[in-house]
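Quick caveat, the model's predicted, so the values are computed rather than measured.
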Amino acid sequence: MARAIIQLRITLDGVEPTVWRRVLIPGGFTLDRVHRVVQFAMGWGDRHLHVFDVEGVQYGVPDPDGLLDVHDELDVRLDAVAQKDGRLRYTYDFGDWWEHDLTVEDVFPADLDVAYPVCTAGERACPPDDVGGPDGYRDLLAAVADPAHPDHAAMRDWLGRAFDPASFDPARATTLLRRMT
């Protein structure tokens, strides 16, 4: 039997208009690899802690000090916790607190001619790391969009690059995903 592919829709909470991605991931990926898929597909920098929540059970990188009670994400495969129409929660950066809804849209056999994971669709750029969560991102967008805004120059300098919040390229995300495998 062909390996199962799980189609996830990743939606970033608290941001309007919605930032989302659709990815196809082998069901045999452990949650640590799913974490990397989310990072590459969304455009995060993977500079902060993260955790998955599946029906109240949390998975992540074990805390050597025992302060975070999480199950080791290396021990859990995606296909063990994700069934069609199911949902997982993923939180990235416990300071900015970026919450993501991962919805299992479909589960189907792999196409042997396709290299997985793949990002097939999505909309809008991911907020920059360390922007201050959804509220900080709203402030950034307002400042960058209005040259008369008192923080316009400071925010553009902080970004350090051109930033188009409406831009997203699934092919580029897929190229990045290819580098992780």
Side-chain angles (χ1 to χ4, degrees), residues 1-15 17-63 68 70-94 96-129 134 165-181:
M1 180 172 148
R3 62 185 174 150
I5 298 300
I6 297 180
Q7 178 177 303
L8 285 180
R9 178 182 167 110
I10 305 165
T11 306
L12 182 61
D13 291 350
V15 175
T18 302
V19 175
W20 67 275
R21 308 289 183 260
R22 178 168 293 118
V23 293
L24 307 178
I25 306 174
F29 271 26
T30 53
L31 291 182
D32 68 305
R33 293 185 81 192
V34 175
H35 156 70
R36 292 194 340 251
V37 168
V38 173
Q39 290 289 306
F40 284 115
M42 291 300 292
W44 294 119
D46 199 10
R47 297 191 302 246
H48 302 283
L49 294 173
H50 67 278
V51 70
F52 289 92
D53 187 299
V54 183
E55 297 179 9
V57 179
Q58 294 190 330
Y59 301 91
V61 177
D63 179 4
L68 292 176
V70 297
H71 297 272
D72 192 338
E73 65 188 5
L74 288 169
D75 296 337
V76 181
R77 289 171 39 136
L78 180 60
D79 56 10
V81 294
Q83 284 71 41
K84 187 171 180 183
D85 299 323
R87 298 170 77 144
L88 298 85
R89 299 290 295 169
Y90 172 84
T91 303
Y92 170 63
D93 185 349
F94 298 161
D96 282 2
W97 203 259
W98 293 107
E99 291 188 288
H100 304 70
D101 183 60
L102 282 60
T103 303
V104 181
E105 293 182 321
D106 202 359
V107 178
F108 52 88
D111 180 337
L112 298 178
D113 295 326
V114 175
Y116 297 98
V118 177
C119 182
T120 62
E123 290 184 343
R124 305 197 54 83
C126 183
D129 272 292
S167 176
F168 176 68
D169 180 3
R172 176 164 163 61
T174 294
T175 298
L176 294 172
L177 289 169
R178 293 284 185 276
R179 293 180 184 165
M180 73 169 268
T181 55

Run Asp53 and Leu88 through side chain to side chain contact (heavy atoms under 4.5 Å, CB included) and show every step you take. CA-CA 6 Å; Asp53 187 299; Leu88 298 85; over 6 Å; no
Start with the C-alpha gap between Asp79 and Ile6, add the side-chain angles, then the distance that decides, and say whether side chain to side chain contact (heavy atoms under 4.5 Å, CB included) holds. CA-CA 8 Å; Asp79 56 10; Ile6 297 180; 4.2 Å; yes
When every non-hydrogen atom of Val19 is compared with those of Ala125, the smallest separation belongs to CG2-O, 3.5 Å
Glu123: which residues meet the side-chain contact (heavy atoms from CB on, under 4.5 Å) condition with it, sequence neighbours left out? Trp20
Is Val76 close to Val81 at the side-chain level, that is, under 4.5 Å between some pair of heavy atoms? yes
Set out, in order, the CA-CA distance, both residues' side-chain angles and the distance that settles side chain to side chain contact (heavy atoms under 4.5 Å, CB included) for Phe168 and Arg21, then state yes or no. CA-CA 9 Å; Phe168 176 68; Arg21 308 289 183 260; 2.9 Å; yes
Listed by chain and number, what are the side-chain contact (heavy atoms from CB on, under 4.5 Å) partners of Asp129, not counting sequence neighbours? Trp44, Arg47, His48, Tyr92
Just so I know, are the side chains of Thr18 and Thr11 near enough to count as touching, which here means a heavy-atom distance under 4.5 Å? yes
For Ala41 versus Val23, what's the shortest heavy-atom pair and its separation? CB-CG1, 3.7 Å
If you measure only the distance, is there a donor-acceptor pair under 3.5 Å linking the side chains of Asp101 and Thr103? yes
Check the pair Leu24 / Phe108 against side chain to side chain contact (heavy atoms under 4.5 Å, CB included), numbers first and verdict last. CA-CA 10 Å; Leu24 307 178; Phe108 52 88; 3.9 Å; yes
From Thr120 OG1 over to Arg9 CZ, what is the distance, rounded to the nearest 0.5 angstrom? 10.5 Å
Got Ile5 and Val107 here, is their nearest side-chain heavy-atom distance under 4.5 Å? no
Sequence neighbours excluded, the answer for side chain to side chain donor-acceptor pair (under 3.5 Å) partners of Thr30 is Asp32
Please tell me if the side chains of Cys119 and Phe40 come closer than 4.5 Å, counting only heavy atoms from C-beta onward. no
Any donor-acceptor pair under 3.5 Å linking the side chain of Tyr116 with the backbone of Asp111? yes
Return the minimal non-hydrogen interatomic distance between Pro117 and Phe29, and the atom names on each side. CD-CZ, 3.9 Å
With side chains defined as the heavy atoms from C-beta onward, is the minimum distance between Trp98 and Pro127 less than 4.5 Å? yes
Any chance the side chains of Thr174 and Arg172 put a donor and an acceptor closer than 3.5 Å? no
Within the 4.5 Å heavy-atom criterion, are Pro109 and Arg3 side-chain neighbours or not? no
Electrostatic pair Lys84-Asp106, nearest N-O below 4.0 angstrom: yes
Residue set satisfying side-chain contact (heavy atoms from CB on, under 4.5 Å) with His71, at least two apart, ordered chain then number -> Val57, Tyr59
State the CG-CG distance between Asp75 and Leu31, to the nearest 0.5 angstrom. 10.0 Å
Counterpart residues, side-chain contact (heavy atoms from CB on, under 4.5 Å), relative to Ala171 (two or more places apart): Asp169
Give the intermediate values and the outcome of side chain to side chain donor-acceptor pair (under 3.5 Å) for residues Arg89 and Thr91. CA-CA 7 Å; Arg89 299 290 295 169; Thr91 303; over 6 Å; no
Between Arg22 and Glu105 (side chain of the first, backbone of the second, donor and acceptor by atom type, cut-off under 3.5 Å), is there such a pair? no
Which residues pass the ring pair (Phe, Tyr, Trp, His ring centres under 6.0 Å) test with Tyr90, not counting sequence neighbours? His35, His50, Phe52, His100
Note: Pro134 and Gly14 closest approach over all heavy atoms is CB-O, 3.3 Å
Over all heavy atoms of both residues, which pair between Val70 and Gly60 is shortest? Give the atoms and the distance, please. CB-N, 3.9 Å
Taking everything shown except Arg87 itself, do over 12 heavy atoms lie less than 6.0 Å from its CZ? no
